[in-house]
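Every number for a ligand or one of its atoms is a count from 1 in the order of the listing.
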Amino acid sequence: MIALERATKPLKGDICVPGDKSISHRSIMFGALAKGTTEITGFLESADCISTIECFKKMGVIIERALKPSNGVPMLTVHGNGLNNFTAPDSTLYTGNSGTTTRLMTGILAAQPFDSMITGDSSIEKRPMKRVMTPLNQMGADITSLKGNDCAPLVIKGGKRLHGITYRSPVASAQVKSAVILAGLYADSDTVVWEPALSRNHTEIMLSAFGADIHNEVARDGSSAAILHPGMPLHGIRINIPGDISSAAYFIVAALMVPGSELLIRNVGVNSTRAGIITVLKQMGADITLLNEDNSTEAKADILVKYSELHGNANNCFEIGGKDIPTMIDELPVVAVLAATGNFDTVIKDAAELKVKESNRIDSVVENLKAMGADVEATDDGMIIHGGKPLHGADINTHNDHRLAMSFAIASLVAEGTTRILDDACVNISYPSFFKDLQSLL
Ligand code: S3P
């Protein structure tokens, strides 16, 4: 448990947030699938990404950590096995709390010559896996759910010949897209994954840097395809991972809420498939400027954010929905916190995916905002927040969801009295130094 009080002064200064979680997972996975060595700096050393490392170590991949002699920066070296040289794991692969590890690994395991089983913690064992089982089995894989509930543990039979498919995913999900594309690397023909809107495209960008023939096409209606021609050899590369915009989001919101604040968050990934929070908050009147933009491979920038009086639109309401949702899906809990402090209503819609994250984030956000005195109601695909009610401290039930713990730690900065985050250790999933970094600004 950690007890937090209202901020007594503006938040000022420069900070760096840890490396991007999605890119960190992929750097290990694709490094393992490639031939040769991949050197990674900026890697996020959090529980989720360590789950990915452990899974590959169990399949015979050598991954080393050292400090770079030139500058003392931690560097991971992955000695890639290549697509076809993994060893059969001697026990079930354990993915902890990580949906990305579970779903992307399933795509890789589907194509291996050996049988395997994969599962994670109690949250992972409740999350939907049919969304990857269906397309992978269409490709010729043999994946079943051990308990017959379409959830992990997943039992994967090896030795299957996979063929390319054109798959239309009903949800915009980078995990589904990536699982199918990774299996597609082993298929005998092209794999095309359509999704209703472009989800984060780190897989496409990074696989292409490793040598794969893959690209995105966006149709006029906004639906998007990832198209892979298999057969190109993957070779090890150097990767420098930028800070995670999902982690930066907590400090962006903190600076916008606490009067007089001004923060510079350095070297953050601002790939447009991830940066919806910046676009949407600017529409709400947020004073956010991107500095030192670098658009090579994964776009990055320093983010300057200043306290701002936010506003709704003409009828004093602000709507967040449609194609913006996949570009800020993980930031919606902290955006909901911010919305509760504005003098307008906010409607979050088209976000039913929130129900199947590490917790049911519609219910868990609404429950805790209510506990802090906000006027908020859950809907089928999001929530309606009637802003402007003063927040007060409360006991926050995070449901062991890292993003809940951090979002409500930020809420505490403008709440009267003490806010207690009951199971604060869950921040280790994506941001182990979160409370230390927050404290350094108070
Ligand atoms: C992720 C994709 C998103 C996101 C998750 C990380 C990824 O999930 O919520 O935190 O790294 O591919 P979905 O693919 O389920 O939308």
Legend entry - Thr95-Thr102 side chain donor-acceptor pair, cut-off 3.5 Å: yes

Inset, instruction - Mark up the atoms of ligand 1 that fall under 4.0 Å of a heavy atom belonging to Ile329, in ascending order. - result: 9 (O)

Legend entry - Atoms in ligand 1 flagged as close to Ala174, the criterion being non-hydrogen separation under 4.0 Å: 12 (O), 14 (O)

Inset, instruction - Heavy-atom distances under 4.0 Å are what count here, so tell me which part of Arg200 touches ligand 1: side chain, backbone, both or neither. - result: side chain

Legend entry - contact_flag Lys357 ligand 1 heavy-atom lt 4.0 Å: yes

Legend entry - atom 14 (O) of ligand 1: nearest protein contact (heavy atom, Å): Ser173 OG, 2.7 Å

Inset, instruction - Check the pair Arg127 / Asp121 against salt bridge (charged side-chain N to carboxylate O under 4.0 Å, His left out), numbers first and verdict last. - result: CA-CA 10 Å; Arg127 296 182 68 184; Asp121 67 8; over 6 Å; no

Inset, instruction - Decide yes or no for Ile278 and Ile245: does some side-chain heavy atom of the first lie under 4.5 Å from some side-chain heavy atom of the second? - result: yes

Inset, instruction - Taking only heavy atoms of Ser22 into account, list the atoms of ligand 1 that are under 4.0 Å away from them. - result: 1 (C), 6 (C), 7 (C), 11 (O)

Legend entry - Atom indices of ligand 1 within 4.0 angstrom of Asp330 heavy atoms, with elements: 4 (C), 5 (C), 9 (O), 10 (O)

Legend entry - Test item: side-chain donor near acceptor, Thr41 and Lys68, under 3.5 Å: no

Legend entry - Heavy atoms from other residues, nucleotides or ligands near NZ of Lys157 exceed 12 (cutoff 6.0 Å): no

Inset, instruction - Give the residue and atom name of whichever protein heavy atom lies nearest to atom 1 (C) of ligand 1, and the separation in Å to one decimal. - result: Gln175 NE2, 3.5 Å

Inset, instruction - Pick one of side chain, backbone, both or neither for how Arg26 approaches ligand 1, counting any non-hydrogen atom pair under 4.0 Å. - result: side chain

Inset, instruction - Give a yes or no on this: more than 12 heavy atoms of other residues, nucleotides or ligands lie within 6.0 Å of atom CD1 of Ile62. - result: no

Inset, instruction - Could you verify whether a donor N or O on one side chain and an acceptor N or O on the other, from Thr119 and Glu125, lie under 3.5 Å apart? - result: yes

